[in-house]
**Student:** 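Would you mind keeping the following structure in view while I ask a few things?
Values below: every heavy atom of this structure, side chains too, minus hydrogens, waters and symmetry copies. Nothing here was measured: the structure is a model prediction, and the numbers come from that model. To find a chain, count down the sequence lines: A is the first, B the second, and so on, and within it residues start at 1.
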There are 2 protein chains.
Amino acid sequence: MSVTIKDVANRANVSPSTVSRVISNNSRISDATKERVRAAMAELNYQPNLIARSLTNKSTKTLGLLLPGSKADLLLNPFFVQAMRGISSYAKEKGYYILFTHADNDEDEVEVLSNLVGSQWVDGIILTTVKDNDRSIAFLQYRKHPFVVIGKPDDEKNTYWVDNDNIKAMYDVVDLLIKKGNKNIGFIGGSHEFKVTKYRLLGYLKALKVNNIKADLNLIYEKDYTEEAAYEATKEMIDYQTPDAIVTTDDLIAFGVQRALLEQGIEDVSLVGFNNTVISQYKKPSISSVDINAEKLGMFAAKLLINQIENIPMETNNYIIDTKLIERDSTK
Amino acid sequence: MSVTIKDVANRANVSPSTVSRVISNNSRISDATKERVRAAMAELNYQPNLIARSLTNKSTKTLGLLLPGSKADLLLNPFFVQAMRGISSYAKEKGYYILFTHADNDEDEVEVLSNLVGSQWVDGIILTTVKDNDRSIAFLQYRKHPFVVIGKPDDEKNTYWVDNDNIKAMYDVVDLLIKKGNKNIGFIGGSHEFKVTKYRLLGYLKALKVNNIKADLNLIYEKDYTEEAAYEATKEMIDYQTPDAIVTTDDLIAFGVQRALLEQGIEDVSLVGFNNTVISQYKKPSISSVDINAEKLGMFAAKLLINQIENIPMETNNYIIDTKLIERDSTK
DNA sequence: CTGAAAGCGCTTACAG
DNA sequence: CTGAAAGCGCTTACAG
């Protein structure tokens, strides 16, 4: 059916081995034959069968991308789409394909990975979330399969990863709010299960400490990553005390906070979200949010993974990607 | 390194052929050997090398997904992410992987496809957009490579495709607006290059006609798919005449329209968007929008493609997916 | 500088 | 019911 290396060989009157060497531009082949073979390839419109090549090379030049099971995350959080773009761009540049899969739920995740690794479809895997005692990470380490994670893992030293400096990102936000005169600052985060929540909370606490403000546990909430949970948390917090400002670990959470605040007619509480979703700028008032530079996270994740796969020496096993607070009306 | 069919064969004291037959559950193998082989597979933790299988079967059981080059689209329009989910779910159920690529621009697209097809990585391809004289479609038809498109193509009969009934979707919207008492209804669409624009315009015109309203060309705009273009178009339209309602072919366009209306202090013009983006519900006033059921579009696209690949007889070469107007404040 | 041969890990027609 | 052999389309060590 399709043209193979053999057809090209016949056409150019050489052996298949020679054609293969011309493809890889082997220096031991004379320029004359190279030209002849290339002409034959062009005439026949030859394109190498990458499956066959993968089998002999034991390398597919494709990266596996595992997306979270939860659908809401994917749709609401631009992080995943942006990260995908970054990954895709870098991979394309380096000649890699991206295979993507999603787990239906947490339990499913290791099985999905197991199939992917076992089938030998991918040279490496990109994980887009990290949890405490992450079973996916444990599995990939156990299988000694190349992988990279977006987010700082437990085992920082022996894992390849990219992340923002979430402690610093939140520290900067809270420090700025304090400098602007806010004293009582509430924190509403997602579940502690997710690393980002933890680090952002640490940054929050650090900023308070540095500025000699005593943390008040009644102003700190860690709930689900939903708007509704944030809405409830805010109402509870207000019952206790209306803070000067509320920082959150996600725009979605900030939306819930804003809804609760508006309902109570409270307008002078500053509010900051995370991830800089498209929606945050459309809110009334528009919500300040931290841009985590997801596309760059994706690019560098792909870079770490590909270098690892190709055994390219690296001076580091991780990259810290800069963040940036986008100030809007909610902090004015 | 990894365990192969040969290792299993040794362990179970059978030939590799037999192991292969057990894997495919060939009925000619005795239950006794089947059990023995399965035990060996379990003990060795055997997983078939899918690359090798692909090479002999000449089928990779993976689908190629081509995403648009434009980044804005991906981020703003939930269509792509939702469609991806639908595709991914169906594919997973049927044991297919998804390979995704993006073109950097329109010219690049055919080349990306050519590489994908030529490399023999994918059994079929899913196209997520359709244009007039679509070169990607032409290419895939020429190469006789299985594919399906999301959107109605020029060659409806000989192509596999899924789409909404865009004529009907817009017809219903406009008809409803008219029934509600709106007479002068403006239309602001994206570029005519995209099929959806065309069909939605037809639906608009049809609804006017059926209701004996004469179309006014000064109330019809086809511009870029950007908020800015829509904003300008709206201002122009208002200069000519303020309509009772404005229908658009995309939420992004509706956002531009709304901005222009609010700036002019116009509050009594009904407005309808398309694609039911998350943002539309957060606007003030919230914007009514047509949900095009992207996840279902994706699922049925995957279904058509996989059936085609596996030569499963089908009674149809296309599916029309239902749409639904989500009414919000902008049409009250 | 080039070719013949072996091998990657499967599947399947053929033979028994 | 099971096995030996050929083949999928490449790459590369070995030989010349």
**Student:** Does Tyr46(B) have a side-chain nitrogen or oxygen under 4.0 Å from the phosphate oxygens OP1 or OP2 of dC10(C)?
**Tutor:** yes

**Student:** Pairing donors with acceptors under 3.5 angstrom, does anything connect the side chains of Asp155(A) and Asn158(A)?
**Tutor:** yes

**Student:** Rounding to an integer number of angstrom, what distance separates dG9(D) and dA13(D) when you compare their P atoms?
**Tutor:** 23 Å

**Student:** If you count the non-hydrogen atoms of other residues, nucleotides and ligands that lie under 6.0 Å from CD in Glu111(B), is the total more than 12?
**Tutor:** no

**Student:** Expressed in angstrom and rounded to an integer, what is the separation of Asn57(B) atom CG from dG7(D) atom P?
**Tutor:** 17 Å

**Student:** Do Asn10(B) and Asp7(B) have side-chain N/O donor and acceptor atoms under 3.5 Å apart?
**Tutor:** no

**Student:** How are the rings of Trp121(A) and Trp121(B) set to each other: parallel, tilted or perpendicular (split at 30° and 60°)?
**Tutor:**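 Geometry flag for Trp121(B) against Trp121(A): tilted rings.
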
**Student:** Starting at the 5' end of DNA chain C and moving along, which residue's nearest nucleotide shows up first, Arg28(B) or Thr56(B)?
**Tutor:**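 In this pair, the answer is Thr56(B).
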
**Student:** May I have the distance from Leu50(A) (atom CG) to dC10(D) (atom P), rounded to whole angstrom?
**Tutor:**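 Going from Leu50(A) (CG) to dC10(D) (P), I get 9 Å.
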
**Student:** Does a side-chain N or O of Ser30(B) approach OP1 or OP2 of dT2(D) to a distance below 4.0 Å, or not?
**Tutor:** yes

**Student:** Touch check for Thr33(A), heavy atoms < 4.0 angstrom, all strands: base, sugar-phosphate only, or nothing?
**Tutor:**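 Counting heavy atoms under 4.0 Å across all strands, the contact made by Thr33(A) is with sugar-phosphate only.
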
**Student:** For DNA chain D, what dot-bracket results from Watson-Crick or G-U pairs at under 3.5 Å, with [ ] for crossers and | for inter-strand partners?
**Tutor:** |||.||||||||.|||

**Student:** Pairs under 3.5 angstrom only: tabulate donor-acceptor contacts from the side chains of residues 134-142 of chain A to other protein residues two or more places apart or in another chain.
**Tutor:**
from	atom 1	to	atom 2	distance (Å)
Asp134(A)	OD1	Ser136(A)	N	2.9
Asp134(A)	OD1	Ile137(A)	N	3.1
Asp134(A)	OD2	Lys131(A)	N	2.9
Ser136(A)	OG	Glu109(A)	OE2	2.6
Gln141(A)	NE2	Thr159(A)	OG1	3.4

**Student:** Check DNA chain D against residues 5-27 of chain B and give the residues with a non-hydrogen atom under 4.0 Å, in numerical order.
**Tutor:** Val14(B), Ser15(B), Ser17(B), Thr18(B), Arg21(B)

**Student:** Just verifying a value: how many Å separate Arg21(A) CZ and Ser15(A) OG, rounded to the nearest 0.5 Å?
**Tutor:** 6.5 Å

**Student:** Which heavy-atom pair separates Leu116(B) from Ile125(B) by the least distance, and what is that distance?
**Tutor:**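 For Leu116(B) versus Ile125(B), the nearest heavy atoms are CD2-CD1, 4.0 Å.
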
**Student:** Send over the distance from Ile29(A) CD1 to dT12(D) P, rounded to a whole Å.
**Tutor:** 13 Å

**Student:** Measure the distance from CG on Leu55(A) to P on dG7(D) and round it to the nearest whole Å.
**Tutor:**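 So the two atoms are 17 Å apart, to the nearest Å.
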
**Student:** Once you round it to whole Å, what is the distance between P of dG9(D) and CD of Gln47(A)?
**Tutor:**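 So the two atoms are 15 Å apart, to the nearest Å.
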
**Student:** To the closest 0.5 Å, what do you measure between CG (Leu50(A)) and CG (Asn57(A))?
**Tutor:**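 The distance works out to 10.0 Å.
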
**Student:** Report the residue (Pro48(A) or Lys34(B)) whose heavy-atom-nearest nucleotide on DNA chain D is the more 5′ of the two.
**Tutor:** Lys34(B)

**Student:** Would you measure the distance from the P atom in dT2(C) across to the matching atom in dA6(C) and give it in whole Å?
**Tutor:**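 Rounded to whole Å, the distance is 23 Å.
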
**Student:** Within the structure provided, determine whether Ile320(B) and Asn318(B) are in side-chain contact (heavy-atom separation under 4.5 Å).
**Tutor:** yes

**Student:** Quick check: does any side chain N or O of Ser89(B) sit under 3.5 Å from a backbone N or O of Arg85(B), one acting as donor and the other as acceptor?
**Tutor:** yes

**Student:** Considering only side-chain heavy atoms of Arg53(A), which listed nucleotide, dT2(C), dT11(D), dT2(D), is closest?
**Tutor:**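 Per side-chain heavy atoms of Arg53(A), the pick is dT11(D).
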
**Student:** Ignoring backbone atoms, establish whether Lys58(B) has a side-chain N or O less than 4.0 Å from OP1 or OP2 of dG9(D).
**Tutor:**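 True: Lys58(B) side-chain N/O within range (under 4.0 Å) of dG9(D) OP1/OP2.
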
**Student:** Between Thr4(A) and Arg36(B), name the one whose nearest nucleotide on DNA chain D is closer to the 5' end.
**Tutor:**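 The residue closer to the strand's 5' end, by nearest nucleotide, is Arg36(B).
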
